[in-house]
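The structure under discussion appears below in the form of structure tokens.
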Amino acid sequence: MSTNKFETNAIRTQLKRSENLEHSVPMYVTSSFVFEDAEDMRASFAEEKERNIYSRYSNPNSSEFIEKVCQMEGAEDGFAFASGMAAVFSTLAALLDTGDHVISSRSIFGSTHSLFNNFFPKWNISHSYFKCDEVEKIESLITPKTKILYAETPTNPGVDVLDLEYLGAIAKKHNLILVIDNCFASPYLQQPIKFGADLVIHSGTKLMDGQGRVLAGITVGKRELVDKVYRFSRITGPALSPFNAWVLSKSLETLAVRVDRHCDNALKLAAFLEGHEKVNWVRYPFLKSHPKYEVAKKQMKAGGCVVAFEVKGGLEAGQKFFNSIKLLSLSANLGDSRSIVTHPASTTHSKLSVEERAETGITDGTVRVSVGLEHVDDIIADIKQALEA
Ligand SMILES: *Cc1c(COP(=O)(O)O)cnc(C)c1O
């Protein structure tokens with residue numbers, strides 16, 4: 001039975017049952033697959049038939065995970081990776097040649113930033129950054145060697161929102177490959193391909209797993225581009241393990257209900273913080289005060305699980321708040337069922353100068369909360385007592 005309902009597909013898209021008639025899909029923990037005879041093996045290696053050969057290339061559990069995400073994102077094809085960063089690196093490395101240039105938003109995941117700054121220059125691949133509130137400058141950064149336009153939305157940790165339709169139009173006009181890291185939204189809240197993205201990347205570690213258990217990554221999108229990513233990856237070996245793929249496929253069955261609750265809780269926390277006397281500002285895409293509220297409404301189903309705000313009183317007040325948290329976890333992950341608080345200025349971004357931090361939207365008092373699935377009253381109560389401490 002075919003349907004266009006997200007929740008139904010998330011649950012009912014699964015591998016064909018084996019002769020054991022299992023209800024839940026089994027785990028194919030095998031490194032390789034066997035052949036009927038020499039001709040079968042020859043034809044398989046010649047890619048005359050589509051079948052599993054070796055789990056570095058493909059595995060039934062990974063294929064199920066990929067198929068689910070392709071359906072969610074409206075993508076033609078995909079490849080699953082051992083981590084989000086394996087997906088980011090392999091995708092970019094597969095598509096870029098020496099001498100190429102990438103344009104990226106400045107607010108991107110720290111390791112992706114490091115890839116552009118510290119590693120790609122080794123292969124003479126250069127980049128230019130644009131600020132989230134200066135997208136009109138993107139066109140002036142394009143050179144004859146520009147191949148990829150790269151962005152994340154919403155951004156981390158500043159919770160900025162980029163207009164995907166605008167990025168899609170620029171990419172089309174200048175024949176650039178638009179790559180969107182959709183990790184913060186999850187495929188349930190936002191499908192960048194609808195707005196012109198060519199490839200969509202996820203860290204499956206975050207909302208997709210949603211329970212802080214496994215690392216995973218995935219790239220989905222146009223078949224012709226995914227094929228290049230696949231050719232590169234089956235040689236270099238960043239494939240997702242069958243066990244993690246199995247966990248992820250199960251997790252996706254509950255993505256919609258989990259993310260709905262993450263978003264309800266996050267919006268309630270954001271509204272609470274907005275009225276608090278110890279708070280300078282609050283950033284959440286679905287708060288009317290967010291500068292890109294209209295854009296967020298256009299491209300997202302709800303605001304996501306991350307709320308950023310600034311505690312009055314700078315670094316000291318930020319650290320004091322952080323130290324006073326009792327229930328929530330002090331950790332660096334996000335999208336987990338457990339709410340997580342981070343203070344970027346004293347932790348993840350402490351090596352940057354004040355100016356560099358400001359460029360990514362982080363002030364000394366900035367706090368990021370990944371709002372989890374505990375009862376929202378308890379989440380708010382913990383943050384309230386820490387603010388008053
Ligand atoms: C976590 C994250 C990544 C990297 O994913 P890993 O699974 O940790 O390798 C990439 N992009 C974004 C936006 C992330 O939050």
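What you are looking at is a predicted structure, and each value in this text was computed from that prediction instead of being measured. Just so you know, residue 1 is the first one in the sequence shown, and it goes up from there.
- In this structure Tyr188 satisfies the ring-ring contact (aromatic ring centres under 6.0 Å, His included) test together with Phe6, sequence neighbours excluded.
- Closest approach of Gly372 and Ile379 over heavy atoms only: O-CD1, 3.9 Å.
- With contacts defined as side-chain heavy-atom distances shorter than 4.5 Å, the pair Lys312/His276 does not qualify.
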Enumerate donor-acceptor pairs with a distance under 3.5 Å from any side-chain N or O in residues 205-217 to protein atoms, sequence neighbours excluded.
residue	atom	partner	partner atom	Å
Thr205	OG1	Ser203	OG	3.2
Thr205	OG1	Ala216	N	3.1
Thr205	OG1	Ala216	O	3.3
Asp209	OD1	Arg213	NE	3.0
Asp209	OD1	Arg213	NH2	2.6
Asp209	OD1	Ser251	OG	3.3
Asp209	OD2	Gly212	N	3.4
Asp209	OD2	Arg213	N	2.8
Asp209	OD2	Val214	N	3.3
Gln211	NE2	Asp209	O	2.9
Arg213	NH2	Ser251	OG	2.9

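- Counted by atom type alone, Thr143 and Thr146 present one or more donor-acceptor pairs between their side chains at under 3.5 Å.
- Judged by distance alone, the side chain of Glu76 and the main-chain N or O of Glu224 form no donor-acceptor pair under 3.5 Å.
- A side-chain donor-acceptor contact under 3.5 Å links Thr3 to the backbone of Lys5.
- Between the side chain of Glu374 and the backbone N or O of Ser339 there is at least one donor-acceptor pair closer than 3.5 Å.
- Close placement of the Phe309 and Phe321 rings is indicated, their centers lying within 6.0 Å of each other.
- Residues Ser58 and Asn52 bring a donor and an acceptor atom of their side chains to less than 3.5 Å of each other.
- In terms of the ring-ring contact (aromatic ring centres under 6.0 Å, His included) criterion, residue partners of His127 (sequence neighbours excluded) are, by chain and number, Phe116, Tyr129.
- For the residue pair Glu22/Ser18, the side-chain donor-acceptor check at 3.5 Å is satisfied.
- Looking at residues two or more places apart in sequence or on another chain, you find no ring-ring contact (aromatic ring centres under 6.0 Å, His included) involving Phe130.
- Side-chain N or O atoms of Asn9 include none that pairs as donor or acceptor with a backbone N or O of Asn4 at under 3.5 Å.
- Using cut-offs of 30° and 60° on the angle between ring planes, the pair Phe89 and Trp123 is tilted.
- Electrostatic pairing of Asp160 and Lys131 does not count as a salt bridge here, judged by no charged N lying under 4.0 Å from a carboxylate O.
- Using modelled atom types, one finds no donor on one side chain facing an acceptor on the other under 3.5 Å when comparing Ser126 with His101.
- Side-chain atoms of His174 do not come within 3.5 Å of backbone N or O of Glu139 as any donor-acceptor pair.
- In this structure a side-chain-to-backbone donor-acceptor pair under 3.5 Å is present from Lys68 to Ala10.
- Residues satisfying the side-chain contact (heavy atoms from CB on, under 4.5 Å) test with Asn156, not counting sequence neighbours, are Phe109, Phe184, Arg368.
- Taking both residues in full, the closest heavy atoms of Lys320 and Ala389 are given as NZ-C, 3.8 Å, listed atom of the first, atom of the second, then distance.
- In terms of the ring-ring contact (aromatic ring centres under 6.0 Å, His included) criterion, residue partners of Phe81 (sequence neighbours excluded) are, by chain and number, Phe79.
- Scanning all heavy atoms of the two residues, the minimum distance from Gly237 to Arg56 falls at CA-CD, 3.4 Å.
- In this structure a side-chain-to-backbone donor-acceptor pair under 3.5 Å is missing from Asn118 to Leu115.
- Ion pairing of Arg223 with Asp227 is absent here, as no side-chain N (NZ or NE/NH1/NH2) approaches a carboxylate O to less than 4.0 Å.
- Nearest approach of Thr363 to Ala345, heavy atoms of both residues: O-CB, 4.0 Å.
- Using modelled atom types, one finds a donor on one side chain and an acceptor on the other under 3.5 Å when comparing Gln71 with Thr13.
- Checked by atom type and distance alone, the side chain of Gln299 pairs as donor or acceptor with a backbone atom of Leu162 at under 3.5 Å.
- Here the options are Glu152, Gln191, Glu73, the test is side-chain hydrogen bond (donor to acceptor under 3.5 Å, both in side chains), and the partner is Asn182; only Glu73 passes.
- Val282 approaches Ala270 most closely through the heavy-atom pair CG1-O, 4.0 Å.
- For the residue pair Ala94 and Phe232, the shortest heavy atom distance occurs at CB-CB, 3.5 Å.
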Original post:
Under the salt bridge (Lys or Arg N to Asp or Glu O under 4.0 Å) criterion, do Lys49 and Asp40 qualify, and how do the steps go?
Top reply: CA-CA 9 Å; Lys49 42 168 105 169; Asp40 180 30; 2.6 Å; yes
